[in-house]
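Data first, discussion second: the structure below is written as structure tokens.
Note that the coordinates shown come from a computational prediction; the quantities given were computed from them, not determined experimentally.
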Amino acid sequence: MRRALIVVCAAALTIVPPAAAWTWPVKGPVLQKFVLGDDPYAAGQHRGIDIGAPAGATVFAPVSGTVSFAGTVPVSGRSVTIQTADGYSVTLTHLGLTSVGRGAKVAEGDTVGTIGPSGEVEHDVPYVHLGV
């Protein structure tokens with residue numbers, strides 16, 4: 001009995017479930033990575049990832065959830081925020097167009113907008129900013 005229990009425990013430890021990952025919102029290079037210095041309130045922080053893509057390219061929902069905001073923000077331009085079931089707010093900014101509205105249910109991989117400059121852009125190529 002003890003030997004069987006050891007075999008079962010060893011098997012359970014060697015079988016690794018796949019990691020849950022979100023869908024990348026666009027295919028393209030990372031133009032600017034996430035930066036958080038020693039002082040989270042200091043200037044120069046970049047609390048997200050900028051991903052380059054051709055203008056007009058489709059932007060996909062990185063995760064399933066409910067759209068809690070779809071509209072324009074002064075600096076960030078056209079934006080979509082998705083509230084996940086586990087409490088995360090996932091925001092995509094600097095969109096050219098949005099194709100979802102507040103309250104919409106989106107599945108991971110659904111179209112939520114397109115790449116296009118809006119707001120105060122930080123790069124001279126089209127991109128989307130992904131923040132969580």
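Residue P62 is tested with L130, V106, V132 for a side chain to side chain contact (heavy atoms under 4.5 Å, CB included); the sole match is L130.
Contact annotation: the side chain of V125 approaches that of L31 to within less than 4.5 Å [non-hydrogen atoms, C-beta and beyond]. Contact annotation: the side chain of T84 approaches that of V90 to within less than 4.5 Å [non-hydrogen atoms, C-beta and beyond]. Side-chain contact between V112 and L92 is present, with at least one heavy-atom pair separated by less than 4.5 Å. Within the 4.5 Å cutoff, the side chain of E122 has heavy atoms near those of the D50 side chain.
With sequence neighbours left out, the side chain to side chain contact (heavy atoms under 4.5 Å, CB included) criterion links S99 to T111. For T66, the side chain to side chain contact (heavy atoms under 4.5 Å, CB included) test picks out K105, with sequence neighbours left out. For S64, there are no side chain to side chain donor-acceptor pair (under 3.5 Å) partners at least two apart in sequence or on another chain.
Side-chain heavy atoms closer than 4.5 Å link hydrophobic residues (I, L, V, M, F, W, Y) into clusters, and following such links, even through other members, never connects L97 to V100. Cluster annotation: V121 and V80 are assigned to distinct hydrophobic clusters (Ile/Leu/Val/Met/Phe/Trp/Tyr, side-chain heavy-atom contacts under 4.5 Å, transitive).
If you chain together ILVMFWY residues whose side-chain heavy atoms come under 4.5 Å of each other, F60 ends up in a group of its own.
Heavy-atom minimum distance, I51 versus P25: CD1-CG, 3.8 Å. Scanning both residues, T98 and S79, for their nearest heavy atoms gives CG2-O, 4.0 Å. Nearest heavy-atom pair, V128 versus T93, reported as atom, atom and distance to 0.1 Å: CG2-O, 3.5 Å. Residues T58 and V26 share a closest heavy-atom pair of O-CG1, 3.5 Å.
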Show the atom names and distances, to 0.1 Å, of all donor-acceptor pairs under 3.5 Å that link a side chain in residues 69-78 to residues at least two apart or in another chain.
{"residue": "R78", "atom": "NE", "partner": "G96", "partner atom": "O", "Å": "3.4"}
{"residue": "R78", "atom": "NH1", "partner": "G96", "partner atom": "O", "Å": "2.8"}

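At least one donor-acceptor pair closer than 3.5 Å links the side chain of S118 to the backbone N or O of L95.
Sorted by first then second residue, the ring pair (Phe, Tyr, Trp, His ring centres under 6.0 Å) pairs that include residues 90-115, not counting sequence neighbours, are H94-Y127.
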